[in-house]
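Structure first, commentary second.
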Number of protein chains: 2
Amino acid sequence: MPAPRKPRKTASDTPLPPGKSATINDIARLAGVSKKTVSRIINRSPLVREETRERVEKLMRDVGYVPDPLARGLAFRRSFLIGMVYDNPTAQFIVNMQYGALDALRDSGFELVVHPCDSRSPGYIDGVRRFVQQQKLHGVMLVPRVSEDQALADMLDGIGCRYTRIAALALDDHSRMVITHDRDGAAEAADYLQTLGHRDMAVITGPSSYRSAIERTGGFVDALARRGIELPKSRILEAGYTFESGVAAAEKLLAGKRRPTAIFCANDEMAAGVYRVALRMGIDIPRQLSVIGYDDSPLASRLWPPLSSVRRNTRDTGRVAAAMLIQADDDVRGRPIASVRPHLIVRDSCQPPET
Amino acid sequence: MPAPRKPRKTASDTPLPPGKSATINDIARLAGVSKKTVSRIINRSPLVREETRERVEKLMRDVGYVPDPLARGLAFRRSFLIGMVYDNPTAQFIVNMQYGALDALRDSGFELVVHPCDSRSPGYIDGVRRFVQQQKLHGVMLVPRVSEDQALADMLDGIGCRYTRIAALALDDHSRMVITHDRDGAAEAADYLQTLGHRDMAVITGPSSYRSAIERTGGFVDALARRGIELPKSRILEAGYTFESGVAAAEKLLAGKRRPTAIFCANDEMAAGVYRVALRMGIDIPRQLSVIGYDDSPLASRLWPPLSSVRRNTRDTGRVAAAMLIQADDDVRGRPIASVRPHLIVRDSCQPPET
DNA sequence: CTGAAAGCGCTTACAG
DNA sequence: CTGAAAGCGCTTACAG
């Protein structure tokens, strides 16, 4: 039996080039397979013998090999980037959505690139198109309110860009939707106020061009109706989702001779506006007026008394929306529609009405 | 004279492939130059005849040609992505910083990819390294507080990644710093309170491991000293930049037998904590207590009375930091250090002390 | 199950 | 000032 060969430098055991990281060629050479086989392993093709796969995967781990997303992107004609497109929600909402998306993208090789835009400017859809096409994005998350824009979705469909839409209700194929059920969140607020004994309530809602505003108001009104309370039109005020518009709406509502005993606001910013007006008019919250917001933003617990508010679970929403984009198509079809449920966080801004 | 030839399909006027976008080869063919010349024009090389450049640039505009960042990135061994690395500042701060960065990146071909992290977790520097190396980032913006971590900057230096650090004072080469002069912002608050007539003041500051906390407190104390007022150590309380820690610090400060007449808080969250305690203790702001915050967050104007606060101009800061990363190196050297100045926004939370 | 060739759309290094 | 060749690190299409 010949003595075992002393290891010598051959083509197949040349150490990795120092400094620069390993490439698919290094892995193929070191493993003694073709680069195509390595490529199959990277892309989880089943057409690789189990033994080969394990051996090569171990090697990749050992040398810390990670395929270059630039090279893969060039060959695939599609990058490993997920875009997040949004208009102008509150900062905390955006940031939570980003955190959620990154939860899903962590260790996937995908990264998140952000694209705020102004949906009122005429060229905004074109701006998104350039963003998507130039970067050859793998997919985009559409956050409310741009998620509600059918023209934007149609454009993306037209250029073959996959997307997920986050919205209060289904606006598209199940495979492209994450539903936030704003109707249910508002209904929970209505049930809570009704249970406390309120009968004369009011709603300060967002712009009627926003589905979220329609759904939240509708959910509140319908839930009251189910419990036998009709909310007159005069008790529903449309505002602009801003603090200032909340102030203006609250002034109208609280100046009338018969004040409502409770106000449901379609977001926390407007609820803060109600607080401001109540303070100015000497109306005590919650003794003389109950208030509920929507968002459960940090502001809710900074206000005094701490504001009861509907939590949206934004981070979960972002995670689900991003996860759908990087899943294989087969996994997406036929599964139930993605949804995230809101729920009311009770703090100290409500109590039974004065008798 | 022969009749003019009817245009026929030749190699050089074959229309662009329908559907897919033009490549450097299409431009070279259509312009009748080599792809290398087109490449020179893309990269603004001076080694191109003026007439050629103009002709090719017009063609590129006409067909809507944009070079593929994936292909350029592969050849350059560096992507056209800017990373933004941050720990856990307030949502509005992050979002403003992102808006600012995108202001600088608009129409530059670069995009912004976000990377929140936890600087207390042991592997976080490694996480940033993987992020930078795998995506072959063109550069990263380091936002406070990670911008203050020298180990992180050293790692980036070690792997040859360009970066800009946003911090209260110079921690690095001028070419890598954007200074926010927190010291000056705090000094302005001090001058304002002194001018109103306050003599017995206090500071609620952030963690002493944060340069921002040190600078803001130092700036406030030094400015008072310049005006002949010594702030005793007992009037400086270290808190955690959070609402809750602000509440705790305010309780200590306002429970004592001799209350300060004014409190400077190193951020708005802690100032909101002071408001909460003052409300609970029946101390009227601003009549019995003046308060100043730092950040000029949306919260400042939601509080009652509206909080005077030092505005940081975060969006400008982000714009400058990102612009430095995509500038040519020559433009960076020798120019004055980048800086953004804070200034006090006066609202209704301060007045002269009661006599 | 595996591989050799060609190609993705650019740039670098070299030559003229 | 301009260009032909080779290469960046992968994948696709084809063949076996």
Side-chain angles (χ1 to χ4, degrees), chain A residues 11-12 16-17 19-57 60 63-81 109-110 133-136 138, chain B residues 11-12 16-17 19-57 60 63-81 109-110 133-136 138:
Chain A
S12 74
L16 288 170
K20 48 182 306 202
S21 43
T23 72
I24 196 173
N25 288 310
D26 298 320
I27 300 297
R29 178 170 48 77
L30 258 37
V33 298
S34 77
K35 57 199 282 195
K36 178 56 197 160
T37 297
V38 180
S39 173
R40 287 201 179 88
I41 291 168
I42 291 169
N43 293 293
R44 309 198 184 302
S45 158
L47 303 177
V48 179
R49 199 159 27 121
E50 193 49 35
E51 185 274 330
T52 311
R53 173 189 307 282
E54 280 171 11
R55 190 163 49 82
V56 176
E57 281 182 341
M60 296 198 296
V63 304
Y65 168 73
V66 181
D68 182 340
L70 256 16
R72 291 230 286 165
L74 179 59
F76 272 136
R77 292 157 194 77
R78 186 190 285 173
S79 75
F80 287 82
L81 300 174
F110 287 90
Q133 288 190 316
Q134 286 179 19
Q135 302 298 323
K136 293 197 166 65
H138 183 269
Chain B
S12 73
L16 289 170
K20 47 183 309 204
S21 44
T23 72
I24 196 173
N25 287 311
D26 297 320
I27 300 297
R29 179 170 48 78
L30 259 36
V33 298
S34 77
K35 57 198 283 194
K36 179 56 197 160
T37 297
V38 180
S39 173
R40 286 201 180 89
I41 289 168
I42 292 169
N43 293 292
R44 309 199 184 300
S45 157
L47 303 177
V48 180
R49 203 163 21 124
E50 193 50 33
E51 185 274 329
T52 310
R53 172 187 308 280
E54 281 172 10
R55 190 162 50 82
V56 175
E57 281 182 341
M60 296 198 295
V63 303
Y65 169 71
V66 181
D68 183 340
L70 255 17
R72 290 230 285 166
L74 178 60
F76 270 137
R77 291 156 195 78
R78 185 190 284 173
S79 76
F80 287 83
L81 300 174
F110 287 89
Q133 288 189 315
Q134 287 179 18
Q135 302 299 323
K136 294 197 165 66
H138 183 270

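Only this structure's heavy atoms are used, side chains among them; waters, hydrogens and symmetry mates stay out. Residue numbers start from 1 in every chain, and the chains themselves are labelled A, B, ... in the order their sequence lines are given, proteins ahead of strands. Predicted model, so just to flag it, every value in this text is computed and none were measured.
In this structure, A:Ser79 contributes its side chain and A:Gly73 its backbone to no donor-acceptor pair below 3.5 Å. A distance-only check finds no donor-acceptor pair linking the side chain of B:Arg44 to the backbone of B:Ile42 [under 3.5 Å].
B:Phe80 comes within 4.0 angstrom of no nucleic acid atom, judged by non-hydrogen atoms across all strands.
Considering only the side chain of A:Ile42, D:dT11 comes nearest among D:dC8, C:dT2, D:dT11. The side chain of B:Tyr65 lies closest to C:dC10, out of D:dC10, C:dT12, C:dC10. Proximity note for A:Val48 (side chain, C-beta onward) versus C:dT2, C:dG9, D:dT11: the nearest is C:dT2. Closest approach to the A:Thr23 side chain among D:dT2, C:dG9, D:dC10 is made by D:dC10 (side chain taken as heavy atoms from C-beta onward). Among C:dG7, C:dC10, D:dT2, the nucleotide with an atom closest to any side-chain atom of B:Ala71 is C:dC10.
No N or O donor and acceptor, one from the side chain of B:Arg77 and one from the base of D:dG7, sit under 3.5 Å apart. Remark: the B:Arg49 side chain and the D:dT2 base include no donor-acceptor N/O pair separated by less than 3.5 Å.
Following rounding to the nearest Å, A:Leu47 (CG) and D:dA13 (C1') show an atom-to-atom distance of 14 Å. Going from atom CZ of B:Arg55 over to atom P of D:dC1 covers 15 Å, rounded to whole Å. If you measure from atom CZ of A:Arg40 to atom P of D:dC10, you get 16 Å, rounded to the nearest angstrom. Atoms NZ (A:Lys136) and P (D:dC10) sit 18 Å apart, rounded to a whole Å. In this structure, NZ of B:Lys36 is placed 9 Å from C1' of C:dA13, rounded to the nearest angstrom. Separating the CD1 atom of A:Ile41 from the C1' atom of D:dT11 is a distance of 15 Å, rounded to the nearest angstrom. Atom CZ of A:Phe76 is separated from atom C1' of D:dT12 by 10 Å (rounded to the nearest Å). For the pair A:Arg29 CZ and C:dT2 P, the computed distance is 20 Å after rounding to whole Å.
Between B:Phe80 and B:His138, the ring-plane angle classifies as parallel under the 30° and 60° cut-offs.
DNA chain D is contacted by both B:Leu74 and B:Glu50; B:Glu50 maps to the nucleotide lying nearer its 5′ end (nearest heavy atom per residue). Residue whose closest nucleotide on DNA chain D sits further toward the 5' end, between B:Lys35 and B:Arg53: B:Arg53.
Evaluated for a side chain to side chain contact (heavy atoms under 4.5 Å, CB included) with B:Val48, the options B:Glu57, B:Arg40, B:Glu54 yield exactly one hit, B:Arg40.
Dashed line: the shortest gap from a side-chain N or O of B:Thr37 to OP1 or OP2 of D:dC1 is not under 4.0 Å. Here B:Asn43 reaches the OP1 or OP2 of C:dT11: one of its side-chain N or O atoms lies under 4.0 Å away. Taking 4.0 angstrom as the limit, A:Ser34 places none of its side-chain polar atoms (N or O) nearer than this to OP1 or OP2 of C:dA4. An OP1 or OP2 oxygen of C:dT11 is reached within less than 4.0 angstrom by a side-chain nitrogen or oxygen of B:Ser39. Under 4.0 angstrom from either OP1 or OP2 of C:dC1 there lies no side-chain N or O belonging to A:Thr52.
Here the CG-CD distance, from B:Asp68 to A:Gln133, works out to 12.0 Å after rounding to the nearest 0.5 Å. Remark: A:Arg29 CZ to A:Ile24 CD1 distance equals 13.0 Å, nearest 0.5 Å.
With a 3.5 Å ceiling on both atom-pair distances, C:dA4 lacks any Watson-Crick or G-U wobble partner. Base pairing of D:dA13 is not made with any nucleotide, judged by Watson-Crick or G-U wobble geometry with both donor-acceptor distances under 3.5 Å.
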